[in-house]
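Here is the naming used below: chain letters follow the sequence lines, and residue numbers restart at 1 for every chain. Keep in mind it's a predicted model, so treat the numbers as computed, not measured.
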Amino acid sequence: MRFLLLFSRQGKLRLQKWFTPVSDREKKKVIRDMMLLVLARQPRSCNFLHWRDLKIVYKRYASLYFCSGLENNDNELLALEVLHRYVELLDKYFGNVCELDLIFNFEKAYYILDEFLIGGEVLETSKVAVSDSMEEADTLQETMEEYMSKPTY
Amino acid sequence: MPAPIRLRELIRTIRTARTQAEEREMIQKECAAIRSSFREEDNTYRCRNVAKLLYMHMLGYPAHFGQLECLKLIASQKFTDKRIGYLGAMLLLDERQDVHLLMTNCIKNDLNHSTQYVQGLALCTLGCMGSSEMCRDLAGEVEKLLKTSNSYLRKKAALCAVHVIRKVPELMEMFLPATKNLLSEKNHGVLHTSVVLLTEMCERSPDMLSHFRKLVPQLVRILKNLIMSGYSPEHDVSGISDPFLQVRILRLLRILGKGDDDSSEAMNDILAQVATNTETSKNVGNAILYETVLTIMDIKSESGLRVLAINILGRFLLNNDKNIRYVALTSLLKTVQTDHNAVQRHRSTIVDCLKDLDVSIKRRAMELSFALVNGNNIRGMMKELLYFLDSCDPEFKADCASGVFLAAEKYAPSKRWHIDTIMRVLTTAGSYVRDDSVPNLIQLITNSVEMHAYTVQRLYKALLDDISQQPLVQVASWCIGEYGDLLVSGQCEEEEPIQVTEDEVLDVLEGLLVSNLSTPVTRGYSLTAIMKLSTRFSSVNRIKKVVSIYGSSIDVELQQRAVEYNALFKKYDHMRPALLERMPIMEKTATNGPTEIVQTNGETESSVVETKHLPPVTQPANQANDLLDLLGGNDVPVIQTTMPTKPASAGGELLDLLGDLSLSGGPTPAPAPSVPSSQPSFLLDGLSSQPLFNDLATAAIPPMTAYNKNGLKIDFTFERANPNPNVAVITIHASNSADADMTEFVFQAAVPKTFQLQLLSPSSNVVPALNQGTVTQVIRVLNPQKQQLRMRIKLTYTLKGSPVQDLAEVNNFPPQSWQ
């Protein structure tokens with residue numbers, strides 16, 4: 001996977017993860033292109049596109065579009081499963097996740113993603129393992145906060 | 001200084017902004033506060049401020065002033081600080097900024113931290129955005145962690161190692177010992193990431209590949225356990241146990257089994273098992289089946305298995321789920337070369353997909369349909385394709401039209417059918433036909449001598465109906481100019497000849513000249529056509545009048561033509577019949593590469609579609625000049641013909657028109673073995689490297705490697721040129737395995753005295769790095785005395801800024817090439 005983007009129907013970016021070094025200007029261009037392409041798609045069309053030399057896989061969940069760019073030898077159908085798994089992980093963590101959760105807790109969304117994918121590849125295939133590590137890491141953080149007796153941010 | 005506001009507070013505030021300007025104001029205020037807080041070196045709130053900065057960065061505002069702060073957070077002892085710091089580093093920093101190198105030390109310390117979550121953060125960051133320098137410095141630490149027994153760290157280290165290898169391939173060797181018992185892990189996370197690591201190593205190094213072949217039995221066993229084992233709640237997805245791992249193992253098996261009989265045999269059973277036992281009701285199952293099919297097609301599987309695979313794809317085509325149909329079409333496209341017959345069986349389903357509503361599916365179906373056209377099904381397929389051309393979206397029309405022309409040319413059952421098909425395309429999609437088709441069509445028409453009368457008649461009738469489609473009008477006016485006498489004399493055999501007078505014909509042509517719908521190019525065509533009719537028709541005075549009127553036309557091109565034609569009438573009337581007589585049959589020149597439709601993405605704007613076309617054949621300057629230097633003492637004459645440069649418009653002078661047309665070769669009867677661009681051509685995508693047709697064409701003469709030095713490899717492939725058996729047509733393929741492009745690449749050749757050599761223009765003069773593409777060039781060698789072919793070649797190119805020159809002798813031509 002080269003990148004993963006989450007954006008709303010109104011074109012607001014909610015998460016961006018780049019797995020290869022890309023310049024800022026290029027990132028903006030890619031984001032703009034992805035939004036244009038994906039938001040223009042008919043509601044019941046297939047979830048795959050071709051763009052430049054990449055395969056784009058996207059899926060809409062409620063008001064958010066999950067969009068990833070794959071290399072040519074990646075399996076598109078599996079990518080759909082990867083996106084779905086990520087949504088499930090978010091759902092488990094936030095409990096019935098909605099877009100607002102991801103807006104106000106964007107850093108947590110990134111942390112969960114980092115426990116699931118590294119360098120564009122799946123790191124852990126067990127849902128339970130990912131949520132367990134998130135829980136423990138959060139505990140580590142909270143312990144610190146209690147110690148300092150104030151919220152960190 | 002009051003405590004800076006909290007992150008959630010800020011987010012809430014910003015969301016209340018009603019206009020972009022209001023939001024910008026808030027952001028600017030907050031940025032100013034954050035900046036002053038940074039200046040004060042406030043440790044307590046740094047974390048909060050950076051978090052806010054990251055939020056604003058996501059909204060699109062600049063946040064580079066936070067980069068150093070991220071580094072300070074990473075260096076802090078607090079876990080929360082580190083978490084935000086590393087996130088900031090991944091979002092704000094990349095290897096382009098020198099600042100990122102300062103992270104290296106922190107990461108190194110954190111990789112040895114006592115808390116596994118801190119180690120995890122460091123591994124994650126390194127694995128996502130580590131630069132080559134960082135990777136080089138820290139590879140040792142990663143390797144250590146790869147051997148730990150802590151599965152949490154081990155899996156992260158494995159993916160980090162993958163990243164290191166991608167960045168610095170030379171370090172691959174370092175990780176080899178650690179891979180020894182990776183596959184005996186029970187933990188799925190470690191197993192999965194290990195398979196990814198092994199895949200990466202095998203893809204990059206043939207030595208590693210042969211080393212890891214011995215793992216095939218183990219992988220087969222793991223896969224078997226996954227399938228056979230009962231329900232495992234932890235890894236279950238819709239009834240399938242750990243599909244992610246299954247797919248990755250299948251992919252690794254594909255790489256290990258490719259080209260190796262023993263390994264392929266070892267996996268036959270498990271592949272058959274997966275193919276038959278996997279649930280297909282959900283996307284997950286189909287994902288696994290898809291990967292299985294790709295694997296079966298790539299390894300040396302037995303034919304029964306291959307048929308099974310194609311049938312799975314056939315079943316996919318009938319699936320309700322659009323995604324699966326799309327994936328099936330894409331895979332069939334890859335396999336259509338090697339398993340042509342098996343794919344043919346599904347032809348009707350594929351043709352039905354042309355009527356699908358989904359744009360992506362239609363495009364794939366169209367490409368696949370063109371690949372499936374052959375001599376047997378041409379009539380039926382063409383009917384469907386023409387119907388598709390009529391009803392499809394404009395974005396498809398150009399590609400479809402080109403495809404139809406190509407297919408018609410290869411497999412036309414009769415000339416009349418061919419002409420009819422061309423007419424149909426011109427009349428229905430005439431304005432979408434590519435400009436370069438016009439000369440191709442004209443050449444085609446010229447070559448079907450017996451059909452001239454029929455052709456011109458049909459074109460004339462089409463013109464009467466509609467003069468808006470420029471390619472149609474151009475071809476028609478050219479034909480009328482050439483064969484107008486046949487039109488007027490009513491000689492058509494194929495259908496009822498129409499009664500047409502010379503005046504009527506001239507009316508039509510003059511109509512084109514004055515019509516607003518005609519482009520300048522079209523006008524040029526019609527003026528020339530009118531002029532040609534002066535030798536074929538009797539009403540010369542009328543023609544003289546028309547020509548003299550345009551002598552003062554505003555359009556410079558028309559004016560020039562008219563003035564010269566006028567001169568023909570006045571001073572050079574004796575030359576006129578000779579100049580304007582019928583065109584001879586044009587010989588098709590071989591082109592450098594297939595001109596079939598390239599895999600374009602119709603979903604994007606046309607500018608992107610343009611870049612995906614094969615680069616136009618460029619005409620370099622005369623290459624013959626230095627060739628005699630090449631040969632040192634030998635006195636070997638070299639005959640080089642250069643192609644005159646193609647003028648931008650379709651021909652100025654009459655003579656240019658002739659030159660123009662002879663340049664435009666139609667597509668070669670057999671496509672050249674490799675496409676001279678780095679963009680994938682659907683014929684050569686993926687699985688098999690030998691296109692079917694290529695085997696037929698070069699079956700007689702095996703290809704050879706002529707030169708292989710310093711990363712530049714030049715292969716020769718051979719064809720016999722019909723009708724002259726003394727001419728060998730050699731296509732050179734230059735590929736470059738170095739890690740930088742070779743620019744200004746020039747290939748020159750010289751042959752002994754008894755031979756004649758003709759070098760056509762190359763596909764490009766840049767040979768892309770790392771074998772991403774090849775440059776091809778066609779050489780024609782005339783060998784009337786059937787002597788042994790020898791050649792001296794000279795190569796010049798620029799690699800990494802320095803020019804390189806080399807001479808070589810090629811003596812290892814296969815005997816069939818010159819006998």
Does a side chain donor of either B:Tyr61 or B:Glu23 reach within less than 3.5 Å of an acceptor in the other side chain? yes

Measuring heavy-atom distances to chain A, does B:Leu91 have an atom under 4.5 Å in its side chain, in its backbone, in both, or in neither? both

Against chain A, label B:Asn187 side chain, backbone, both or neither, depending on which of its atoms sit under 4.5 Å from a heavy atom there. side chain

Top of B:Thr115, B:Asn283, B:Leu59, B:Thr193 for chain A proximity - count of heavy-atom pairs under 4.5 angstrom: B:Asn283

Using the ring of each side chain (for Trp, its six-membered ring), is A:Phe116 parallel, tilted or perpendicular to B:Phe244, with breaks at 30° and 60°? perpendicular

Given the options A:Ala137, A:Ser45, A:Gly119, which has more heavy-atom pairs under 4.5 Å with chain B than any of the others? A:Ala137

Are A:Glu107 and B:Tyr55 packed together at the side-chain level, in the sense that at least one heavy-atom pair is separated by less than 4.5 angstrom? no

What part of A:Arg44 lies closer than 4.5 angstrom to a heavy atom of chain B: side chain, backbone, both or neither? backbone

Just so I know, are the side chains of B:His163 and A:Ile118 near enough to count as touching, which here means a heavy-atom distance under 4.5 Å? no

At a 4.5 Å cut-off on heavy atoms, which part of B:His192 comes close to chain A: side chain, backbone, both, or neither? side chain

What part of B:Ser232 is in contact with chain A, defined as an atom under 4.5 angstrom from a non-hydrogen atom: side chain, backbone, both or neither? neither

Salt bridge between A:Lys17 and A:Asp114, side-chain N to carboxylate O under 4.0 Å? yes

Picking from B:Val118, B:Leu10, B:Val284, which has the most non-hydrogen pairs under 4.5 angstrom with chain A? B:Val284

A:Glu121, part contacting chain B, at a heavy-atom distance under 4.5 Å: both

Need one label for B:Glu203: side chain, backbone, both or neither, based on atoms under 4.5 Å from any heavy atom in chain A. side chain

Spacing of CG belonging to A:Asn75 relative to CD belonging to B:Glu291, to within rounding of 0.5 Å: 4.5 Å

Indicate the ring-plane relationship of A:Trp51 and A:Phe3, choosing parallel, tilted or perpendicular according to the 30° and 60° boundaries. perpendicular

Tell me, for B:Asn286 versus chain A, whether the close heavy atoms (under 4.5 Å) come from the side chain, the backbone, both or neither. both

Report which part of B:Met58 has an atom under 4.5 Å of a heavy atom belonging to chain A: side chain, backbone, both, or neither. both

Parallel, tilted or perpendicular: which fits the ring planes of A:Tyr61 and A:Phe66, with parallel below 30° and perpendicular above 60°? perpendicular

Contact origin within B:Arg325 toward chain A - heavy atom pairs under 4.5 Å: neither

Side chain, backbone, both or neither: which part of B:Val50 has a heavy atom under 4.5 Å from chain A? neither

Toward chain A, the part of B:Ile11 with a non-hydrogen atom under 4.5 Å: both

Relative to chain B, which segment of A:Thr20 carries a heavy atom at a distance below 4.5 Å: side chain, backbone, both, or neither? neither

Selection from B:Ala158, B:Gly127, B:Cys124 maximising heavy-atom pairs under 4.5 Å formed with chain A: B:Cys124

If one checks every heavy atom of A:Val57 against chain B at 4.5 Å, the contacting part turns out to be neither

Between B:Tyr152 and B:Lys156, is any side-chain donor less than 3.5 angstrom from a side-chain acceptor? yes

Side-chain H-bond candidate by donor/acceptor type, B:Arg46 with B:Asn43, under 3.5 Å: yes

Portion of B:Leu54 that has a non-hydrogen atom of chain A nearer than 4.5 angstrom: both

Largest heavy-atom contact set with chain B, pairs under 4.5 Å, which of A:Leu78, A:Val128, A:Val82: A:Leu78

Give the ring-plane orientation class for A:Phe48 versus B:Tyr326, where under 30° counts as parallel, over 60° as perpendicular and anything between as tilted. tilted

For B:Glu200, run the salt bridge (Lys or Arg N to Asp or Glu O under 4.0 Å) check against B:Arg248, B:Arg166, B:Arg251 and tell me which one passes. B:Arg166

So for A:Ile56, is it side chain, backbone, both, or neither that comes closer than 4.5 Å to the heavy atoms of chain B? neither

For residues A:Asp138 and A:Tyr93, is any side-chain donor paired with an opposing acceptor at under 3.5 Å? yes

Answer yes or no for B:Arg83 and A:Tyr111: cation-pi contact, defined as NZ/CZ to six-membered ring centre under 6.0 Å and angle to ring axis within 45°. yes

Between A:Ile103 and chain B, with a heavy-atom cut-off of 4.5 Å, which part of the residue counts as in contact: side chain, backbone, both or neither? both

Counting heavy-atom pairs closer than 4.5 Å to chain B, which one of A:Ala129, A:Gly120, A:Pro21 comes out on top? A:Pro21

Counting heavy-atom pairs under 4.5 Å with chain B, the top scorer among A:Tyr110, A:Trp18, A:Phe106 is A:Phe106

Pair B:Asn323-A:Glu76, side-chain contact (heavy atoms from CB on, under 4.5 Å): steps then yes or no: CA-CA 9 Å; B:Asn323 296 332; A:Glu76 302 98 304; over 6 Å; no

Given the options A:Leu80, A:Asn73, A:Leu13, A:Leu123, which has more heavy-atom pairs under 4.5 Å with chain B than any of the others? A:Leu123

Give, as side chain, backbone, both or neither, the part of B:Val196 having an atom under 4.5 angstrom from any heavy atom of chain A. side chain

